[in-house]
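For clarity, every value in this text was computed on a predicted model and none was experimentally measured.
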Amino acid sequence: MPGSDQLDGYDEKTREQIAGMIAAENRALARARQERENCDCKAGMFPNPDRRAVLLAGAAAVAATSLADPARAQQRKPPAGAVWRDVPEDPTKFPGTPIDEDGGYGSRSQFATETRWRFPTPTTLSSWTMTPLDKSVGIITPSGLHFERHHGGIPTIDPARHFLFVHGMVERPKKLSMADLMRVPSVSRICFIECSGNGLTEWRKPTLKTVQGTHGLLSTSEWTGVQFATIAREVGLKDGAAWVLAEGADSAVMTRSIPLEKLLTDGIIAYGQNGEALRPEQGFPLRLLLPGWEGNTHIKWLRRLEVSDKPFMTREETSKYTDLLPSGKARQFTFSMEAKSVITFPSGEMKLPGPGFYEVSGLAWSGRGKIARVEISADGGRTWLLAALQEPALPIAATRFRFPWVWAGEPAILQSRATDETGYVQPTLKQLVEIRGLAGPFGSVYHLNAIQSWAVAADGSVSNVHA
C-alpha cells in the first residue's frame with residue numbers, strides 16, 4: 001500500500017485509483033527486476049546490481065540445464081511475443097532455428113522483455129496500458145507496445161463485413177467497404193498519439209516512479225490510409241457543414257464531434273500501422289487519425305461519419321475530456337496537444353553506477369508542428385543548455401533529443417524543456433497550475449504538459465520529483 005502522504009488531499013475514489021496505479025507500476029517493476037538481462041552498455045544503471053548478477057548466474061544455470069533436458073526447456077515461459085529456445089554455449093557449433101518455424105510471422109527475442117502494463121480498473125474492458133518509453137530507441141513505437149485506451153473492450157471485427165457510413169449534410173451519402181477504401185489513393189504519415197490524460201497522477205505531487213508511469217500514454221507510429229478530404233469530394237459537402245460525428249464499432253460506441261476544418265486539413269481514415277494492418281487494439285480494421293489532437297478523438301473501429309452544422313455534445317466532450325478551471329467552469333474542445341518533452345534516460349528507478357560521462361536522451365513532441373529546440377537543465381531549471389535533435393525531426397511526431405552530461409557525483413535535478421516551431425515553450429508545473437488550478441479529482445486531469453523533473457541522488461539513484 002502506498003504511503004499516506006502520496007494519497008493525502010484526494011477524495012476516496014481518487015485515492016483508490018492512484019493506489020491502483022502505484023500498485024500496478026510496482027508489479028511491473030518487480031517483474032523487470034526478475035527479468036533484467038545483461039547489458040554492458042548500461043551496467044549498474046538500475047537498482048540492486050548484486051541481485052542482477054545473481055539473476056544472470058541463475059539464468060545461465062537454467063540454460064545449461066535446459067540443454068540437457070529439452071522437456072524442462074519447454075516449461076520455461078517466454079516473454080510476451082517471444083518463443084523460448086535453448087541457448088547453446090557456442091552458437092557457431094549448433095544449427096540455428098529452422099526458417100519459417102514461426103509460421104510466417106516473426107517473434108521477438110526471448111531476451112527482449114519490454115511490455116506495457118495495465119491500469120488496474122475494476123473491469124479489464126475499460127482501462128489503459130502504458131508504453132515503456134524508457135526502453136524505446138529512435139522515435140517509432142513497435143505496434144505491440146503502442147499504448148491502449150479502451151472503454152468497452154477490444155472488438156473482433158471481420159473486415160469483409162465492416163463498412164464506413166458517411167452521411168448527414170452531404171450530397172451523396174456513401175456506404176464504403178474496406179475494398180472501396182483500399183482502392184482510393186492512400187497516404188502515409190508518421191505522427192504521435194497521446195492520451196490527454198497522460199500523467200494525470202502527477203498534478204498535485206510526484207506519484208509514479210517511472211517514465212512509463214508518468215508519460216507512457218504516448219506512442220508514435222507510421223499510419224497509412226485515405227485522406228478524409230478525398231472522401232469528402234466523393235460525397236459532396238452541403239453548405240453550412242461544420243462538424244462531423246465520428247463513431248466507433250466497439251461496445252462503448254465511442255463518439256466524438258470533430259470540426260470539419262480539421263478533417264479536411266489532415267484527417268486520415270487509417271487502415272495501416274507501421275507497414276501492416278492495424279492491430280485490433282489500435283482499431284482494426286479502421287481508425288480515425290487526427291494528427292496532433294488528443295487521443296480520444298482518434299476514434300478506433302471507425303464505422304460512421306455524420307456531417308452536421310454543429311457539435312453533437314457527446315458524453316466524451318461534456319462530462320469527460322474537458323479542462324476544469326479554478327472558477328468551476330471547464331474548457332471544452334481543447335483538442336491540441338501542446339509542446340512537451342521528457343527525459344527517458346536517465347529516468348525514474350534507474351541508477352547511475354558512478355560519476356562520469358552520460359548521454360541524456362529523451363523525446364519531445366508538439367501537436368502544433370515541429371520541435372524547434374530542446375534545452376536541458378541539470379540544476380532544476382536555473383540554467384539551460386541546448387540539446388541536439390536527432391533526425392528526422394518531423395512535424396507532429398516524437399523527436400529524439402540527446403545531450404552530453406558529465407555527472408560529478410553530486411545531487412542533480414535533470415529537466416528538459418521543448419519549444420515548437422510556433423514559439424510555444426513547455427511550461428513549468430507551477431505555471432500550468434496557476435492557469436488551470438487543482439479543482440479536479442487529481443488536481444486537474446487532462447493536458448498535463450509540464451516540465452518533468454528527475455532527481456539524481458549522490459548514490460546515482462533516480463527518482464520522480466517536483467522541482
Side-chain angles (χ1 to χ4, degrees), residues 20-39 42 46 52 55-56 58-59 62-63 66 72-87 96-97 100-121 123-150 153-156 193 195 198 208-222 273-284 287 295 300 344 347-350:
M21 285 283 279
I22 293 171
E25 184 183 51
N26 285 339
R27 287 194 294 271
L29 286 169
R31 286 196 301 270
R33 282 191 286 269
Q34 292 174 357
E35 298 171 346
R36 192 158 288 135
E37 61 179 330
N38 188 17
C39 178
K42 292 185 179 179
F46 302 92
R52 185 166 165 268
L55 288 172
L56 289 170
V62 170
S66 298
R72 180 163 183 171
Q74 293 178 359
Q75 296 174 4
R76 290 298 304 267
K77 183 178 180 181
V83 176
W84 182 264
R85 295 185 172 94
D86 295 340
V87 181
T97 303
D100 206 30
E101 188 185 64
D102 55 23
Y105 195 88
S107 57
R108 65 176 181 169
S109 167
Q110 65 203 55
F111 300 105
T113 60
E114 300 83 8
T115 56
R116 300 169 299 203
W117 56 262
R118 184 184 72 84
F119 173 75
T121 48
T123 169
T124 57
L125 299 180
S126 180
S127 189
W128 56 91
T129 64
M130 320 290 282
T131 293
L133 295 179
D134 54 318
K135 305 297 195 308
S136 68
V137 295
I139 61 174
I140 299 295
T141 305
S143 299
L145 294 178
H146 195 291
F147 84 87
E148 303 167 82
R149 175 67 172 108
H150 307 302
I154 304 168
T156 300
I193 298 179
C195 177
N198 202 15
L208 296 181
K209 298 176 181 178
T210 67
V211 71
Q212 185 172 10
T214 61
H215 289 73
L217 294 177
L218 166 82
S219 300
T220 299
S221 289
E222 181 193 58
Q273 178 186 9
N274 295 334
E276 63 177 356
L278 296 170
R279 297 292 178 95
E281 63 270 22
Q282 296 305 324
F284 180 86
R287 81 174 298 164
K300 292 175 288 191
T344 56
S347 57
E349 288 297 284
M350 295 182 181

Inset, instruction - Please step through side-chain contact (heavy atoms from CB on, under 4.5 Å) for the pair Ile154 and Phe284, ending with a clear verdict. - result: CA-CA 9 Å; Ile154 304 168; Phe284 180 86; over 6 Å; no
Legend entry - Residue pair Arg287 / Gln282, side-chain donor-acceptor N/O under 3.5 Å: yes
Inset, instruction - Search all heavy atoms of Ser143 against all heavy atoms of Glu281 and return the closest pair with its distance. - result: O-OE2, 4.5 Å
Legend entry - Test item: Trp128 and Cys195 side chains (from C-beta on) under 4.5 Å apart, heavy atoms: no
Inset, instruction - Please say which of Leu208, Val211, Asp134, Thr210 ends up in a side-chain contact (heavy atoms from CB on, under 4.5 Å) with Glu349. - result: Thr210
Legend entry - Nearest heavy atoms of Pro78 and Ala82, plus distance in Å: CG-O, 3.4 Å
Inset, instruction - Give the C-alpha distance, both sets of side-chain angles, the deciding distance and a yes or no for side-chain contact (heavy atoms from CB on, under 4.5 Å) between Gln212 and Lys135. - result: CA-CA 9 Å; Gln212 185 172 10; Lys135 305 297 195 308; 5.9 Å; no
Inset, instruction - State whether Arg108 and Glu114 are salt-bridged, where the test is any N-O pair (Lys NZ or Arg NE/NH1/NH2 against Asp/Glu carboxylate O) under 4.0 Å. - result: yes
Inset, instruction - Specify the closest pair of heavy atoms between Lys209 and Glu25, including all atoms of both residues, with the distance to one decimal. - result: N-OE1, 2.7 Å
Inset, instruction - Please round to the nearest 0.5 Å and tell me the distance separating atom CZ of Arg279 and atom NZ of Lys300. - result: 14.0 Å
Legend entry - Distance in Å, Leu278 CG paired with His146 NE2, rounded so as to fall on 0.5 Å steps: 10.0 Å
Inset, instruction - Mind listing the closest non-hydrogen atom pair of His215 and Leu133 along with its distance? - result: O-CD1, 3.2 Å
Legend entry - Nearest-0.5 Å distance that lies between atom OG1 in Thr220 and atom CD1 in Ile193: 9.0 Å
Legend entry - CZ-OG distance between Arg85 and Ser107, expressed to the nearest 0.5 angstrom: 5.0 Å
Legend entry - Distance-minimising heavy-atom pair for Thr121 and Ser126: OG1-O, 2.8 Å
Inset, instruction - With side chain to side chain donor-acceptor pair (under 3.5 Å) as the test, would you mind laying out the steps for Thr141 and Thr131 before giving the verdict? - result: CA-CA 8 Å; Thr141 305; Thr131 293; 5.5 Å; no
Legend entry - Point-to-point distance, once rounded to the nearest 0.5 Å, from CD1 of Ile139 to OG of Ser221: 10.5 Å
Inset, instruction - Specify the closest pair of heavy atoms between Leu217 and Glu148, including all atoms of both residues, with the distance to one decimal. - result: CD2-O, 4.4 Å
Inset, instruction - Hey, could you give me the CZ/OG1 distance between Phe119 and Thr129, rounded to the nearest 0.5 Å? - result: 12.5 Å
